[in-house]
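Okay, structure first, notes after.
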Number of protein chains: 2
Amino acid sequence: MKSNKSILLVEDDPNFGRILKEYLTINNYEVTLAVNGIEGFEKFNKSEFDLCILDIMMPFKDGLTLAREIREINETIPLIFLTAKNLKDDVLKGYKIGADDYLTKPFDSEILLAKIKSILNRKPNVNVEEKDVFEFEFGEFSFNSKLRILTHKMGESHKLSPKENQLLKMLVLNFDDLLPRDIALNKIWRDANYFTSRSMDVYIAKLRKYLDKDISLKIINVHGEGFRLMQE
Amino acid sequence: MKSNKSILLVEDDPNFGRILKEYLTINNYEVTLAVNGIEGFEKFNKSEFDLCILDIMMPFKDGLTLAREIREINETIPLIFLTAKNLKDDVLKGYKIGADDYLTKPFDSEILLAKIKSILNRKPNVNVEEKDVFEFEFGEFSFNSKLRILTHKMGESHKLSPKENQLLKMLVLNFDDLLPRDIALNKIWRDANYFTSRSMDVYIAKLRKYLDKDISLKIINVHGEGFRLMQE
DNA sequence: CAATACATTAACATTTCGTTAAGAAAGTTT
DNA sequence: AAACTTTCTTAACGAAATGTTAATGTATTG
């Protein structure tokens, strides 16, 4: 299954943390592990997560403190607490911060998984930020990157593959400007090396084929730098 | 606090039920108590509730069965289960039906209260949207998703199974737009994995068969993303 | 002109989808 | 409770879509 949800797991017991991370990874979640509250906060700020699992009892910075800091930045991200014992007080504090759930160690991993699913399923990701733009017009084409359809205005529609789609979207977003190779590679292929670079060339060729229905549109190579979608 | 939230509490132990009801009432919830699954279902249908607390182990009709019936009528109402022992299997079944949480008896009433607050606070029920729409017109069809009937305008009516019905409804609600696989799977099958995905494909095939009485309607696959009901 | 970067086509492997059918599970009727 | 019906899942297998890599050739640069 595609688009994996990403989880920030903050757990000071390295053994338990590793095992839990592995278990979640097997179940198709992308897991980032931090071993204490300080590292947890750093990692939280570095990338976007869909859910956090926080051990409460941790050295340096406990899970509740970390949760408060996270809540200051993000009011909606689901939080699940792990408590070593059934410390009622910790649990109540957790809920006060805005926890979605807690689990008492030792817990059953299947139940954790069920909780995670339950929590993630009910949130239709109310990301208030920017709505994703997915409709474009350029040259004689209109392009819907959500439906992955490129339509020539006096011709046919053409389905695009995911890679074609992403690459064209990046080109269009940088219309008439340079799309640096590395940036596209790191975003679409998640790595920039000889092979991904060759692969990108293949996809540039495919896009050129589609776009040559409008002779005024060109994908120009900037040697050693990247590509530029332009109209003469 | 303005209008108090109302809770349906279904619990067969009359003593425990009464005490719990009192406790919740003191904390400003309007509580309706039912002593078994049958009575619970009757009362559920009589008035509107914001949340249900269901004991799993009950005579006549257990909490899980009741939950399924409730879910058929209301897809979003939060459900909390009470389990006498920590029966993992019951818990997992509960989550599969769409539970929001569970508690193992004996539990701390403050923690139950915290859970209730957490669940009720997290959203002013976003699902106000589609709630009551159940009659649709598209192409040469009219479709009643409450009666689960698909009618071809110059032909016959066709009964739809629950799954067929839900899937078609989601497609229609996203007419001409993408219905992402994961979203449909999580909503209808309550899980997204290889098998549910295969099952969904089977249902797409069935719907296509029904819809091909109107040749202008198509269910298009967007590879790796989902499906799109459209009219050419 | 040598070295590197790009272009294009094609072969291949992998993943995802479409469809049919068998049979398990749930629901109904008798 | 047995027999039947409907619904749903799972298996199986072919078809289609996608992405990578190889191979071969062309362009650009210093």
Side-chain angles (χ1 to χ4, degrees), chain A residues 1-4 28 147-150 157-168 171 178-182 184-185 187-212 218-229, chain B residues 61-62 64-69 71-72 93 96-97 148-150 158-168 171 178-182 184-185 187-212 218-229:
Chain A
M1 204 108 294
K2 210 184 44 83
S3 68
N4 297 340
N28 282 325
L147 300 174
R148 300 209 315 251
I149 292 177
L150 177 66
S157 292
H158 202 294
K159 288 191 207 167
L160 299 178
S161 84
K163 284 263 189 316
E164 291 168 350
N165 187 61
Q166 288 185 80
L167 186 53
L168 180 56
L171 285 167
L178 178 72
L179 171 63
R181 233 195 159 87
D182 303 17
L185 284 175
K187 175 137 187 174
I188 301 175
W189 277 265
R190 268 135 198 286
D191 191 18
N193 59 45
Y194 173 78
F195 292 108
T196 54
S197 209
R198 289 295 63 72
S199 198
M200 177 169 169
D201 288 338
V202 172
Y203 278 89
I204 289 289
K206 292 182 183 186
L207 291 182
R208 284 195 175 120
K209 214 168 241 170
Y210 301 150
L211 294 186
D212 70 8
K218 295 264 186 296
I219 297 175
I220 301 292
N221 173 254
V222 183
H223 198 90
E225 301 290 336
F227 294 91
R228 175 182 171 218
L229 171 59
Chain B
K61 189 190 283 182
D62 69 291
L64 291 171
T65 309
L66 173 58
R68 263 182 226 106
E69 293 175 354
R71 264 285 168 271
E72 269 184 35
K93 274 183 198 159
K96 199 150 194 186
I97 294 169
R148 302 209 312 254
I149 291 177
L150 177 66
H158 201 294
K159 287 188 209 165
L160 298 178
S161 83
K163 286 263 188 316
E164 292 169 349
N165 186 61
Q166 288 185 78
L167 186 53
L168 181 56
L171 284 167
L178 178 72
L179 171 62
R181 234 194 159 88
D182 296 18
L185 285 176
K187 178 144 183 174
I188 301 175
W189 279 263
R190 302 210 161 267
D191 193 15
N193 59 44
Y194 174 79
F195 293 108
T196 54
S197 207
R198 243 73 281 293
S199 198
M200 176 168 169
D201 287 338
V202 172
Y203 277 88
I204 289 288
K206 291 181 184 186
L207 290 181
R208 283 192 176 124
K209 219 165 239 170
Y210 301 151
L211 295 186
D212 70 7
K218 295 260 186 296
I219 298 176
I220 301 289
N221 173 254
V222 182
H223 199 95
E225 301 286 340
F227 293 92
R228 174 184 172 215
L229 171 59

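No experiment lies behind these values; they were computed from the predicted model shown. Lettering of chains follows the sequences in order, A, B, ..., and the numbering in each one begins at 1.
Between its two ends, the helix from C/dC1-D/dG30 to C/dT30-D/dA1 turns its axis by 30°, counting five pairs per end and rounding to 10 degrees.
Within the 4.0 angstrom heavy-atom criterion, no nucleotide atom of any strand lies near B/Lys159.
Dashed line: the shortest gap from a side-chain N or O of A/Trp189 to OP1 or OP2 of D/dG19 is not under 4.0 Å. Dashed line: the shortest gap from a side-chain N or O of B/Lys206 to OP1 or OP2 of C/dG18 is not under 4.0 Å.
Separating the CG atom of B/Asn221 from the C1' atom of D/dT18 is a distance of 12 Å, rounded to the nearest angstrom. Taking atom CZ on B/Arg148 and atom C1' on D/dC8, their separation rounds to 13 Å, with Å as the unit. We find that CD1 of A/Ile188 is positioned 15 Å from P of D/dT18, with the value rounded to whole Å. Rounding to whole angstrom units, CZ of residue B/Arg198 and P of C/dG23 are separated by 20 Å. What separates CG of A/Leu179 from P of C/dC6 is a distance of 13 Å, to the nearest Å. The distance between atom CZ of B/Phe227 and atom P of D/dA17, rounded to the nearest whole Å, is 13 Å. To the nearest angstrom, P of C/dT19 lies 10 Å from CG of B/Asp212. The NE2-P distance, from B/His223 to C/dT15, rounds to 11 Å in whole Å.
When the nearest nucleotides of DNA chain D are assigned to A/Glu164 and B/Ser161 by heavy-atom distance, the more 5′-ward of the two goes with B/Ser161. Of the residues near DNA chain C, B/Ile204 and A/Arg181, the one whose nearest nucleotide (by heavy atom distance) lies more toward the 5' end is A/Arg181.
Counting heavy atoms from C-beta outward, A/Leu150 and A/Leu207 have side chains that stay 4.5 Å or more apart. With a 4.5 Å cut-off on side-chain heavy atoms, B/Glu69 and B/Lys61 count as touching. Side-chain atoms of B/Ser199 and B/Phe195, non-hydrogen and from C-beta on, never get closer than 4.5 Å to each other.
Distance alone, capped at 3.5 Å, places no donor-acceptor pair between the A/Arg228 side chain and the A/Val222 backbone.
Within a 6.0 Å sphere centred on NZ of A/Lys218, heavy atoms belonging to other residues, nucleotides or ligands number more than 12. Remark: B/Lys96 NZ is loosely packed, at most 12 non-hydrogen atoms of other residues, nucleotides or ligands lying under 6.0 Å away.
Here the nucleotide nearest the side chain of A/Asp201, chosen from D/dG19, C/dT8, C/dT20, is C/dT8. In the set C/dT8, D/dG19, D/dT9, the nucleotide with an atom closest to the side chain of B/Ser199 is D/dT9. Checking D/dT18, C/dT19, D/dT7 against every side-chain atom of A/Pro162, the shortest atom distance belongs to D/dT18.
For the side-chain contact (heavy atoms from CB on, under 4.5 Å) with B/Ile219, the lone residue among B/Leu179, B/Leu167, B/Leu211 that qualifies is B/Leu211.
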